[in-house]
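Shown next, in structure tokens, is the structure this report addresses.
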Amino acid sequence: MNAEPWVTASEVAQHLGVVKDTVYRWRERRGLPAHKIGRLWKFQLSEVDEWVRAGGADEEKEHA
């Protein structure tokens, strides 16, 4: 069973050192892993870290 807590976009932003708007933009445009729970988007930091390591946050992809 996965005991990892679900975190908010603000917590992801703080974890990555970006602003919350960037987190939402990455979710919408670049496939940052997120799960909608009710009306809220929630994240797991292990999935976010894996996405970053796979190049999801690379600036080059924004212009491709």
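Computed from a prediction, not measured in an experiment: that's the story for all the values here.
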Inset, instruction - Report yes if some heavy atom in the side chain of Arg53 is under 4.5 Å from a heavy atom in the side chain of Asp49; otherwise report no. - result: yes

Legend entry - Connected hydrophobic set around Leu40, excluding itself, where side chains approach under 4.5 Å: none

Legend entry - Residues forming a side chain to side chain contact (heavy atoms under 4.5 Å, CB included) with Ala9, sequence neighbours excluded: Lys20, Val23, Tyr24, Phe43

Legend entry - Single-linkage hydrophobic cluster Trp6~Val12, side-chain heavy atoms < 4.5 angstrom: no

Legend entry - Reported OG1-to-CZ distance for the pair Thr22 and Arg27, which is rounded to 0.5 angstrom: 13.0 Å

Inset, instruction - Kindly write out the residues that satisfy side-chain hydrogen bond (donor to acceptor under 3.5 Å, both in side chains) with Glu47, not counting sequence neighbours, or none if the list is empty. - result: His35

Legend entry - Contacts of Thr8 that satisfy side-chain hydrogen bond (donor to acceptor under 3.5 Å, both in side chains) - sequence neighbours left out: Glu11

Inset, instruction - Under 4.5 Å between side-chain heavy atoms, chaining through other members, with only Ile, Leu, Val, Met, Phe, Trp and Tyr counted: pull out the rest of the cluster around Val19, sorted by chain and number. - result: none

Inset, instruction - Indicate the atoms forming the closest heavy-atom contact of Trp51 with Ala57, along with that distance. - result: CH2-N, 3.6 Å

Legend entry - Closest non-hydrogen atom pair between Asp58 and Arg30, with its separation: O-NH1, 3.1 Å

Legend entry - Glu4 to Leu45 - nearest heavy-atom pair and separation: OE2-N, 2.9 Å

Legend entry - Partners meeting ring-ring contact (aromatic ring centres under 6.0 Å, His included) with Trp41 (sequence neighbours left out): none

